[in-house]
Structures are given as C-alpha cells and as structure tokens.
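These numbers come from the heavy atoms of this one structure, side chains and all, not from hydrogens, waters or symmetry mates. Since the model is a prediction, treat every value here as computed from it, not as a measurement.
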Amino acid sequence: MPLDDPLRFHRRAEPCVVVLFGANGDLARRKLIPALFHMRCERLLPPGFAVVGNSRTPLTDEAFREKMRAAVREFSADTPFQPDHWDEFARGLFYVPGDSRDAGLYQALRSRIEEVTAGREMPDNVLFYLATAPALYAPIVEQLGRAGLANGRGWRRVVIEKPFGHDTASASELCGRVQRVFQESEIYRIDHYLGKETVQNILAFRFGNGIFEPLWNRRYVDHIQITAAESIGVEGRGAYYQQAGALRDMIQNHLLQVMATVGMEPPAAFEAEAVRDERAKLLRSIRLWRPEEVPAHAVAGQYGPARIGGEDVPGFRQEPGVDPESRTETYAAVTFYVDNWRWAGVPFYLRTGKRLARRVTDVAIQFRPAPHSLFEGSGPAAGRWIQPNLLVLRIQPDEGISLRFLAKRPGSGMKLRSVSMDFNYGAGFGVRTPAAYETLLLDAMAGDATLYIREDMVEASWRAVQPVLDVWSESEFDFPNYPAGSWGPPEADAMLARSGRQWRNP
C-alpha cells in the first residue's frame, strides 16, 4: 500500500538500527531481509538505516552480506534483483556473532550499535527483532534490560514473533517478563496475517463503504466461515509442529485475529489504540466452551498417507522428526459464538489444516436467504440454484473480493442462477502488492502499532482456545482420520451438518 494511502497516513519511519536476533535463520533469510531490501528499492527506508544481525554462527560483516545477498536473490521471485540497490543496502548490514544467552554478547552489541549510529550520523533509535526460538524470547529481553540496551537517547522497541506463549498461563508469564523490561507501548507482537493487504482491506471494505456495514450483523448474516488451508505437509518442520499443532499454530494466532477484524465494532478513529480496542472487545466477547461442550464444537484431525497426482504422499506420522504415535492435530475446526448484540446467535466457523485439497485462505460471509422466495417453484430444478448471497474475501493466493447473487437466465421464463461479481487486487491496481513483513516492519519503525497484537488480545485469544486445548490433551483420537489431499475429517462436516449448514470448499 503506497505511503499516501489514507489508511496508512501515519507511517513515517525515523532512522534506526534494527538488531536482528536469529539473523542466520529461515525467517530472516526468507522474509525479513528480502522485505527490508524491497523497502529500500521502493525508497521506504529512512536515510542511514542499518541492520545489526546476530546468531551463534561465526560470520564477518562481509560473509553476512554475501549470505543475505544469496537469500534475497532466492526468495524475491516477484521482483528482479537490482545490484545497484543491493550494494547501497548491503553497506548498512553488520553482524555480531554470539550466543543470545551470553551476557558478553550484549556488550558487544552495545559497542556495535554506537559505532554504527556514529558512523552513519543516525539518532539513537533501535528496533530489536526476535526471530528466534520462542524459548529465547524472555531471556533475550531480560539480557537487553540488564545490559541497559532497553533504554537510550532515542526510542527502543521490540518485535516478538509468534507463538507468544504455549497456552494461557505461559502467555501471561511471558507478558509479565517482557513488560518488566519494556513498556507495553514499546512491545510489538507480530502476526504477519494482519500485514496482508486483503486483511487490512477488510477495514476499508467495511468502514469505507456505506452499503455493507448496515448488513454486517445477525439480522442479515447467517454464519461466517474462515478457512486457512494448505496443500503441503509440515515440510521438514515436523519436530516443531508436533509441539504446536494446528489449533495453536493457526487458529489461536492468525484466524482469531482475522475473526476479530471481521467482527469488530467500528472504531472511533483509524488510530492504533482505537482499532485495537475494538479487536480486543470482540475477542473478549467469544463464548468459552465448557468441557462437555467441546466435542460438539471442535474437531481435530491428522492426515494420513495417500496417492496424489500419481505420487505417494506420507502421512503426518511418517514425516521426518514426527513420533510414529503422535496425537498432534494437523487439522482443527472450531465453532465460536460472539456474545454481543451484533453477532448473538451467529456461528463463526474457523478451520485450518495441512495436506488439504488446495492452498487457500479466505473469509466467507454467508447471508440469510430472502425471507420470501418468489421464484422457488419456477422450473423442474427449482431450489437447486436458489442460493443465498455470499461475500468472499480472498486473502491468498488470489487476493480479492467476490459477491454471489442471483440473476435471471437469458430466455423465456423466470429461471435464476447464481453469478458472481469479482474484484482482483492485482488486476484492479496493477501494482506490486507489498509483502506482509514489509508493511509490518515499516509500521514498527514508524511507531504505528495498529496491526500488532496487544497484551489483552493475546490473553483473550488464548482464553478462547484453552478449553479446547484442555479437552484435546486428555482425549484419545483415532488418527489419522483424513487422507492427504482431502478437505479434512468427516467429523468436521458433521459439525456443520447438525445445524443444516456445510463447508464451502473453494
């Protein structure tokens, strides 16, 4: 989204140093450094900007620059590599090796930050980015506090990747440890889904248009489905995924934030705290299931082996690093209700899974049918094509919006069929869509926390899924219960069928 867009009019980043912990890891190589380089190419980085990377791997500045150059060339498929821009960008890349648990590292970082800011005539602004294993979040923050790096002449901010905690109790403990070093206004808990253009445009779609918001309530909406499906398996992340599972990995983090954006009340102003206040209110209004209610409203699944496209695909338990008896879910579907005036009685169905039929993330708002159908008996196929209106917000891979409605078929008689009006972001604007991390990194440098997660939002989302986690931890599942390449276990279909509904499978 361009800098002059009215929804992002506060983004003006000041010069700063980004201290990147985990600089030799996958996230830094695949997402963060390519995002920063694209920002440089589009002249969105402030003058004098610099990165000081850290990991345990011994590297010189030059070796780090060469490694990041290779990463940018490999993971920037949507734009051509520009050597001139890279040379200028690379002059701001520095590296300090060391173990993040070693107090000596932080003295070396302090010296390097002072050297970089003095040499580039920069103010003393530092953004710490924790792209490390979650177990290191609190120790790194506490070391920053002990070394005095959490305070300075300029601003200090810390960006913390997900997962933020493993359950309600651990998330609360982590919040407390981080807040003893940084103020809440300096803590940026990142969820890259909120940086996606289509998720941001939910706000524009709802609150920038006068015709949709009046329909955005229980009187007109029958139910809402939020789907995040992946066609791939765990892709070498079996050991991590076995500890997390689909409910923690996707629903607690990403999909509940999307749900909060879809269902929130209009904020008083497009300002960080006003927007986050409304998201937090929505999350706090989610009905918490009692243990005996969980089996009817939550379904766990795990993919088994299958033959897809002429090739044998392993099941989750056959993936490298996975326990052959693992009970970890690779599919999760949960029904949530929001107990407020706008959404009372409207189910929100959230589902996510690995090795499903196709890769797609979208939000489907199913409207109620017309109160009286004039056309139900107008042909031999009566009723088959009488479908309620459906609004689909496509988040990936084909970003856009479509609206399904009924239209008369050409010819004699009054025969109707469903048709769609479709808007595609790429075709509609004709410009490159910035990656989510580009948006979020620029926001953090500018001090705009609108798209970041606040403490109360973290705690509310964990509370919403905790009853399901507790019941599943004590349950014996007959896994695997869906073949790779399908749309998930039949129990998920049955969950919706009990209320006369069905999943929309794109």
Side-chain angles (χ1 to χ4, degrees), residues 26-27 30-31 34 74-78 162 191-202 224-238 240-241 244-259 262 299-316 319 328-334 349-364 390 392-402 420 422-427 432-437 480 482-489 492-493 502-506:
D26 271 358
L27 180 61
R30 291 174 177 268
K31 300 293 184 181
E74 181 178 358
F75 298 112
S76 299
D78 62 337
K162 74 144 183 118
D191 178 350
H192 74 272
Y193 261 56
L194 293 183
K196 292 179 180 292
E197 285 293 311
T198 320
V199 175
Q200 295 178 68
N201 270 286
I202 294 173
I224 295 173
Q225 298 183 22
I226 302 176
T227 297
E230 295 184 67
S231 59
I232 60 174
V234 292
E235 298 294 292
R237 298 170 64 239
Y240 159 76
Y241 200 85
L247 187 63
R248 287 184 173 93
D249 189 52
M250 288 295 296
I251 291 183
Q252 185 277 328
N253 289 288
H254 303 313
L255 299 195
L256 279 174
Q257 295 302 325
V258 174
M259 175 179 163
V262 170
V299 173
Q302 185 186 97
Y303 67 86
R307 189 168 181 83
I308 302 174
E311 296 185 7
D312 291 324
V313 174
F316 177 66
E319 298 278 11
T328 300
E329 80 282 359
T330 61
Y331 176 99
V334 185
Y349 299 114
L350 276 60
R351 64 172 171 170
T352 185
K354 297 282 190 182
R355 286 286 185 202
L356 297 182
R358 60 171 296 195
R359 173 179 176 258
V360 62
T361 301
D362 64 23
V363 179
L390 178 71
V392 180
L393 310 173
R394 300 189 305 271
I395 297 172
Q396 64 183 17
D398 182 26
E399 294 87 352
I401 300 172
S402 66
S420 293
D422 193 80
F423 165 70
N424 180 280
Y425 278 106
R432 174 185 174 270
T433 300
Y437 278 102
Y482 71 95
S486 69
W487 277 108
D493 296 326
Q502 62 183 12
W503 289 109
R504 172 189 168 271
N505 294 330

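- Under the 30°/60° scheme for interplanar angles, the aromatic rings of H192 and H254 are found to stand perpendicular.
- When all heavy atoms are compared, the tightest approach of T361 to A229 is OG1-N, 4.5 Å.
- Every residue two or more places apart in sequence or in another chain was checked for a salt bridge (charged side-chain N to carboxylate O under 4.0 Å, His left out) with R248, and none qualifies.
- Distance check: I224 CD1 to L350 CG gives 10.0 Å after rounding to the nearest 0.5 Å.
- Side-chain atoms of Q502 never come within 3.5 Å of backbone atoms of D493 as a donor-acceptor pair (strictly under, hydrogens ignored).
- With contacts defined as side-chain heavy-atom distances shorter than 4.5 Å, the pair I401/L393 qualifies.
- T227 OG1 to L356 CG: the interatomic distance, rounded to the nearest 0.5 Å, is 9.0 Å.
- A donor-acceptor pair under 3.5 Å links the side-chain atoms of E329 to the main chain of A246, judged by distance alone.
- Closest approach of P34 and S76 over heavy atoms only: CB-OG, 3.7 Å.
- Between the side chains of S231 and R358, no donor-acceptor pair is found at a separation under 3.5 Å.
- Judged by distance alone, the side chain of T352 and the main-chain N or O of A228 form a donor-acceptor pair under 3.5 Å.
- L256 CG to M250 CE: the interatomic distance, rounded to the nearest 0.5 Å, is 11.0 Å.
- When all heavy atoms of K196 and I395 are compared, the closest pair comes out as CD-CG2, 3.6 Å.
- Across Y482, F316, Y303, a single residue satisfies ring-ring contact (aromatic ring centres under 6.0 Å, His included) together with Y331, and that is Y482.
- Taking both residues in full, the closest heavy atoms of A306 and A484 are given as CB-O, 3.3 Å, listed atom of the first, atom of the second, then distance.
- When all heavy atoms of A332 and I251 are compared, the pair lying nearest together is O-CD1, 3.7 Å.
- Residues meeting the salt bridge (charged side-chain N to carboxylate O under 4.0 Å, His left out) test with K162, sequence neighbours left out: D249.
- Shown here are the ring-ring contact (aromatic ring centres under 6.0 Å, His included) partners of Y241, two or more places apart in sequence or in another chain: there are none.
- A distance of 5.0 Å separates CG in N424 from CG in D398, rounded to the nearest 0.5 Å.
- Distance CG/N253 to CG/L247: 10.0 Å, rounded to 0.5 Å.
- The backbone N or O of P434 sits nowhere less than 3.5 Å from a side-chain atom of E197 that would complete a donor-acceptor pair.
- The CZ atom of R359 sits 8.0 Å away from the CD atom of E230 when rounded to the nearest 0.5 Å.
- With hydrogens and angles disregarded, a donor-acceptor distance shorter than 3.5 Å links the side chain of Q225 to the backbone of R504.
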